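Okay, so here's the structure we're looking at.
Treat the numbers as computed from the prediction; the structure is a model and nothing was measured. Counting starts at 1 for both ligands and their atoms, in listed order.
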Amino acid sequence: AYPGFGGMQAPVVNPGIPYIGEIQGGLQPGKMITIQGFVIPGADSRFHVNLQCGASTQPRADIAMHFNPRVMAGVVVRNCLQNQAWGGEEKQHGPFPFAMGQNFEMIILTEPDKFKVAVNGQHFIEFRHRIPFQRVNTLAIDGKVQIQAIRFDSGM
Ligand code: 9QG
């Protein structure tokens with residue numbers, strides 16, 4: 001609990017990258033995670049935001065949603081890692097909303113059957129659950145990105 005936040009998780013401000021941290025209380029329908037960041041320019045400009053089932057690296061924790069903007073390619077790959085194996089990639093989306101050297105804000109909303117991700121105030125993609133969202137307890141961010149703030153909102 002954090003005084004002034006009604007028991008909600010305190011915002012994470014200017015964390016270093018790679019970032020790995022607990023999602024206090026896990027995920028429930030209506031819960032929103034808001035991430036404000038900046039895309040670091042470069043030929044290999046890519047980053048990812050993972051909703052993970054733990055923080056283990058050896059063996060790798062399952063990843064309920066890997067959200068991976070690849071800025072040169074102009075595609076955001078979404079996938080799931082289960083038993084250390086990637087599943088099928090989801091790559092369909094509307095206009096690519098990230099740009100090198102630009103700030104962004106993304107919101108991940110948990111729904112009973114899917115995650116919904118909005119970027120810069122517009123709905124962007126849906127990702128149907130392949131791993132039960134109840135197993136997710138860790139947020140991991142890595143790559144060519146700076147993070148200004150991460151906010152957690154129960155939606156209540
Ligand atoms: O490339 O694609 C998503 O389907 C892989 C990447 C992998 C993921 C994956 O190598 O990279 O983006 O966690 C990882 O291993 C990330 C960084 C077929």
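With a heavy-atom cut-off of 4.0 Å, Lys91 does not touch ligand 1 at all.
The pair Lys116-Glu111 meets the salt-bridge criterion, since a charged nitrogen lies less than 4.0 angstrom from a carboxylate oxygen. Salt bridge annotation for Glu105-Arg151: absent, with no cationic side-chain nitrogen under 4.0 angstrom from a carboxylate oxygen.
Heavy atoms from other residues, nucleotides or ligands lying under 6.0 Å from CE of Met100 number more than 12. Surrounding CD of Gln92 are at most 12 heavy atoms belonging to other residues, nucleotides or ligands under 6.0 Å away.
Residue nearest to atom 6 (C) of ligand 1, selected from His48, Arg70, Glu89: Arg70 (by heavy-atom distance). For the residues Arg46, Arg60, His66, the heavy atom positioned nearest atom 17 (C) of ligand 1 is part of Arg46.
Looking from atom 14 (C) of ligand 1 to the surrounding protein, the closest heavy atom is Trp86 CZ2, 3.5 Å.
The protein reaches atom 2 (O) of ligand 1 closely, with a heavy atom under 4.0 angstrom from it.
Looking at Lys144, its side chain never comes within 3.5 Å of a backbone N or O of Val71 through a donor-acceptor pair.
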